[in-house]
Amino acid sequence: MSVDLTPIPAALIGAPYRALDAEHIAVSLFAPIRNLSTEVAMFAFVDSEWRLLAVRTTPSDRADMVEIPVRTIVADALAFDAAAVVMAHNHPSGDATPSEDDRVLTRRLARALDAVGMRLVDHLVLTGEQTVSFRRLGLL
């Protein structure tokens, strides 16, 4: 399956964001998946100074779900020596309300990262018009 995503400019890798946890900055980073017709998850790995270390994109061929390999995300975070992770995925349906599966996955990923001394900063659900933040909802 091929997913056409706007690549993250090389100049952003390692750039000091100082606040990638600021929702508007994270939303702009994840904007390429906002209007896709299939679900795609993205993970931004940052260091303790909020510099962007890497981004992983996990595509799906379905409009209603994407498999998120928690083990792989934690392994990537360890490999990049990240201090934190910001996650986002899109809902092609246009409804940004987090599903129960979204909530369960977020709790699993947050616990797994916490177990290795890292933090899940936020999980954003994006649609063409809406963005829902797990942190703002009090779910993280």
Side-chain angles (χ1 to χ4, degrees):
M1 177 192 156
S2 172
V3 176
D4 184 24
L5 295 175
T6 304
I8 304 302
L12 293 181
I13 303 297
Y17 271 91
R18 291 186 43 188
L20 185 60
D21 62 340
E23 189 177 319
H24 70 283
I25 294 172
V27 168
S28 66
L29 179 66
F30 298 124
I33 67 172
R34 185 177 288 285
N35 293 304
L36 295 177
S37 60
T38 58
E39 278 203 21
V40 173
M42 289 181 73
F43 302 86
F45 302 91
V46 297
D47 68 12
S48 60
E49 295 178 16
W50 294 103
R51 289 182 298 236
L52 183 62
L53 300 170
V55 175
R56 171 185 277 282
T57 303
T58 304
S60 170
D61 59 357
R62 296 183 53 174
D64 62 342
M65 73 169 287
V66 61
E67 285 288 324
I68 308 294
V70 171
R71 182 180 180 145
T72 301
I73 302 310
V74 173
D76 284 350
L78 289 167
F80 296 125
D81 196 24
V85 177
V86 182
M87 174 186 177
H89 82 283
N90 65 322
H91 277 183
S93 68
D95 180 1
T97 305
S99 69
E100 183 57 30
D101 286 344
D102 293 341
R103 292 169 189 251
V104 168
L105 168 71
T106 302
R107 286 190 298 267
R108 283 183 52 227
L109 182 56
R111 281 193 307 264
L113 288 168
D114 185 57
V116 294
M118 297 175 191
R119 179 174 157 222
L120 180 60
V121 175
D122 206 346
H123 177 174
L124 302 172
V125 181
L126 308 170
T127 68
E129 302 296 322
Q130 299 175 301
T131 300
V132 171
S133 162
F134 273 61
R135 182 149 309 280
R136 196 170 357 121
L137 291 174
L139 299 173
L140 264 176

Any donor-acceptor N/O pair, [X] side chain to [Y] backbone, under 3.5 Å:
| X | Y | result |
| --- | --- | --- |
| Arg135 | Leu140 | yes |
| Asp122 | Leu124 | no |
| Asp102 | Ser99 | yes |

For the residue pair [X] and [Y], what are the closest heavy atoms and their distance?
| X | Y | answer |
| --- | --- | --- |
| Ala88 | Leu126 | CB-CD1, 4.4 Å |
| Ser48 | Ala83 | N-CB, 3.6 Å |
| Ala82 | Leu53 | CA-CD1, 3.8 Å |
| Asn35 | Gly128 | OD1-CA, 3.0 Å |

Should [X] and [Y] count as side-chain neighbours, where that means a heavy-atom distance under 4.5 Å?
| X | Y | answer |
| --- | --- | --- |
| His91 | Thr97 | no |
| Leu29 | Leu52 | yes |
| Phe43 | Leu109 | yes |
| Val116 | Leu78 | yes |
| Phe45 | Ile73 | yes |
| Asn90 | Glu39 | yes |
| Phe134 | Arg103 | yes |

Query - side-chain contact (heavy atoms from CB on, under 4.5 Å) partners for Ala112, two or more places apart - result: Val70, Val74

Query - side-chain contact (heavy atoms from CB on, under 4.5 Å) involving Glu129 - partner list, sequence neighbours excluded - result: none

Report task. Output, in order, the C-alpha distance, side-chain angles, deciding distance and verdict of side chain to side chain contact (heavy atoms under 4.5 Å, CB included) for Val125 and His89. Result -> CA-CA 5 Å; Val125 181; His89 82 283; 3.7 Å; yes

Rounded to the nearest 0.5 Å, what's the gap from [atom1] on [X] to [atom2] on [Y]? Could you check?
| X | Y | atom1 | atom2 | answer |
| --- | --- | --- | --- | --- |
| Met87 | Leu105 | CE | CG | 4.5 Å |
| Met42 | Ile33 | CE | CD1 | 6.0 Å |
| Met118 | Asp81 | CE | CG | 6.5 Å |
| Ile68 | Asp101 | CD1 | CG | 11.0 Å |
| Leu139 | Arg107 | CG | CZ | 8.0 Å |
| Leu113 | Leu120 | CG | CG | 6.0 Å |

Query raised in the report: Of all residues at least two apart in sequence or in a different chain, which pass the salt bridge (charged side-chain N to carboxylate O under 4.0 Å, His left out) check with Arg108?
Result: none

